[in-house]
Every structure is written in structure tokens, then in C-alpha cells.
Amino acid sequence: MGAALDSDDPATRAMLLDLFTEITILEHLVRERFNPAATDLEPAQFGVINYLVRQKKSSEKVSTLAWCFQVEAASMTTTVEALSKLKYVEIDWVDGDRCAFLTAAGSARHEQFLSDVAPDVTELLSEFDPEALRVTVHTLMELRRTFDNLPDR
């Protein structure tokens, strides 16, 4: 761990504002450039498929997905039902909980999306040092884990 940050230090405050401003702008730019809705998926729908694939899960409770994405259960239910209509997930009840099960078609759609954007992403990031990108990804993952595991979450 590094040294503690001083919340009263103007340089620290400016750095934190810059950090979150850059994350916010970058998220917007990436979402607009690589929006899977240009085909058949809304960003939230792709997010669910991506979550299941990334977490190596074949299924997840809809209530857990809602918690992970910080949306109301009704909103996540709508998202999962839309994915079900596309045959990317199947919905079933397990021990009283509504669950979304990733289908082979959902996995294939995820892989197709990655294949579609990989050349563009590779070209855009080719000017960056691969080790610097690894450190950046690791740091962003640690920031996300910190926020994901706050006690009030």
C-alpha cells in the first residue's frame, strides 16, 4: 500500500478529481465507440452477458445481478427478459430465486462482439507500452474492488 492521501491537500483533491473525471469521460467515449446496441444489444444487456462470461458463471440470480449493476430488481428483470427473447439467456427459478442462465448463443454473441472490436482496440492502444497498460488495468481493478466492497454497498 502507498502513503495515505491527505483529503485537505489541494494537489490530492485535484488529482482525485482528475482521476474520476478521466474515468467518466473514458467510459463515455468507449461506450459510444463500441456500443453493442449498434446491432442487437443495449449496453446493459451486453453488461449482463459480459458479467457472466468474465466471472465464468453459467448463471446468476437476477437479484444479485441487480445488486452488481446497482439497479432496481425490476430494471434487471427487464434486461434479463430482453436477453431471453434474444435467446442469449434462459430464465428459470432456483430455490425461489429467479435466475438467468447464459446460453451457448449468449456466449457466442459475447465472443463475436470481442472479435468485432479487437482490431480497432488493438490499433488504438498500439501506441501504449503493454506493461503500462497492465499496471493501469490492475490499478483500475483494485479501485473497482474497493468501491465494490464498501460496507454501505
Side-chain angles (χ1 to χ4, degrees), residues 1-2 4-5 7 15-125 128 130 132-153:
M1 273 289 174
L5 295 173
S7 63
M15 183 266 303
L16 294 174
L17 179 61
D18 287 347
L19 171 67
F20 291 112
T21 299
E22 293 302 321
I23 290 170
T24 301
I25 293 169
L26 183 59
E27 186 275 337
H28 172 78
L29 293 171
V30 168
R31 185 179 299 256
E32 290 302 311
R33 183 168 189 99
F34 303 112
N35 187 350
T39 57
D40 62 338
L41 290 173
E42 295 295 325
Q45 295 166 351
F46 179 78
V48 169
I49 293 172
N50 191 53
Y51 169 85
L52 292 168
V53 171
R54 189 172 57 86
Q55 296 295 324
K56 296 177 177 46
K57 292 187 169 198
S58 60
S59 67
E60 186 61 87
K61 295 177 189 175
V62 173
S63 61
T64 300
L65 290 169
W67 181 86
C68 289
F69 285 86
Q70 296 190 351
V71 298
E72 296 294 324
S75 175
M76 185 53 67
T77 297
T78 300
T79 298
V80 168
E81 287 173 348
L83 286 168
S84 178
K85 288 178 184 169
L86 293 167
K87 309 282 191 234
Y88 294 152
V89 302
E90 292 178 355
I91 302 170
D92 204 350
W93 292 88
V94 176
D95 297 329
D97 291 307
R98 196 170 198 197
C99 296
F101 293 82
L102 185 65
T103 64
S107 293
R109 180 65 182 93
H110 184 269
E111 183 57 39
Q112 183 60 53
F113 174 76
L114 295 180
S115 294
D116 290 347
V117 302
D120 198 17
V121 172
T122 303
E123 182 179 336
L124 287 169
L125 299 181
F128 291 89
L133 286 174
R134 278 189 272 288
V135 168
T136 300
V137 169
H138 175 76
T139 301
L140 289 171
M141 290 172 84
E142 289 299 315
L143 281 167
R144 193 243 330 131
R145 283 186 194 107
T146 297
F147 278 88
D148 233 7
N149 292 299
L150 291 173
D152 63 345
R153 172 122 154 65

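The side-chain heavy atoms of L65 and Y51, taken from C-beta on, include a pair separated by under 4.5 Å. Side-chain contact between T79 and E42 is absent, with no heavy atoms from C-beta onward closer than 4.5 Å. No side-chain heavy atom of H28 sits under 4.5 Å from any side-chain heavy atom of T24. Looking only at side-chain heavy atoms (C-beta outward), V89 and S84 come within less than 4.5 Å of each other. A heavy-atom distance below 4.5 Å is not found between the side chains of C99 and D92. Counting only heavy atoms from C-beta outward, the side chains of V94 and K61 never approach each other to under 4.5 Å. For the pair F34 and L29, the minimum side-chain heavy-atom distance is 4.5 Å or more. Taking the side chain as every heavy atom from C-beta outward, L150 and F147 approach each other to under 4.5 Å.
Shortest non-hydrogen contact noted between L19 and L143 is CD2-CD1, 4.1 Å. Of all heavy-atom pairs spanning D116 and P119, the tightest one is O-CD, 3.7 Å. Here the closest heavy-atom approach between residue V62 and residue A73 is recorded as CG1-O, 4.4 Å.
Applying the 6.0 Å contact sphere to CD of E90 captures no more than 12 heavy atoms from other residues, nucleotides or ligands. Counting non-hydrogen atoms of other residues, nucleotides and ligands closer than 6.0 Å to CD of E142 gives a total above 12. Under a cut-off of 6.0 angstrom, the local environment of CG in D95 is sparse, with at most 12 non-hydrogen atoms contributed by other residues, nucleotides or ligands.
Separation of the H110 and F46 ring centroids falls under the 6.0 Å cut-off.
Considering CE of M76 and OG1 of T64, their distance stands at 10.5 Å, rounded to 0.5 Å. Once rounded to the nearest 0.5 Å, the distance linking CD1 of I49 with CZ of R54 reads 14.0 Å. Taken from OH in Y88 to CG in L41, the straight-line distance is 5.5 Å, to the nearest 0.5 Å. Separating the SG atom in C68 from the CD atom in Q55 is a distance of 7.5 Å, to the nearest 0.5 Å. For the atom pair CD1 of I23 and CG of L140, the computed distance is 5.5 Å after rounding to the nearest 0.5 Å. Interatomic distance, Q45 CD to N50 CG, rounded to the nearest 0.5 Å: 13.5 Å.
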Checklist line | Residues V48, L102; criterion side chain to side chain contact (heavy atoms under 4.5 Å, CB included); working and verdict | finding: CA-CA 9 Å; V48 169; L102 185 65; over 6 Å; no

Item checked: Residue pair R109, L86: steps toward the side chain to side chain contact (heavy atoms under 4.5 Å, CB included) verdict -> CA-CA 10 Å; R109 180 65 182 93; L86 293 167; over 6 Å; no

Next item on the list: Given side chain to side chain contact (heavy atoms under 4.5 Å, CB included), test M141 with V137 step by step and report yes or no.
Entry: CA-CA 6 Å; M141 290 172 84; V137 169; 3.8 Å; yes

Next item on the list: Apply the test side chain to side chain contact (heavy atoms under 4.5 Å, CB included) to residues T77 and E72: give CA-CA distance (whole Å), side-chain angles for both, the deciding distance (0.1 Å), then the verdict.
Entry: CA-CA 9 Å; T77 297; E72 296 294 324; over 6 Å; no

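Side chain of S59 to main chain of A100: no donor-acceptor pair is present (N/O by atom type, distance under 3.5 Å, no hydrogens or angles). When atom types are taken as modelled, the side chain of N149 and the backbone of R145 share a donor-acceptor pair closer than 3.5 angstrom.
Taking 4.0 Å as the cut-off between side-chain N and carboxylate O, E60 and R98 do not count as a salt-bridged pair. Using a 4.0 Å cut-off between a side-chain N of Lys or Arg and a carboxylate O of Asp or Glu, R31 and E27 qualify as a salt bridge.
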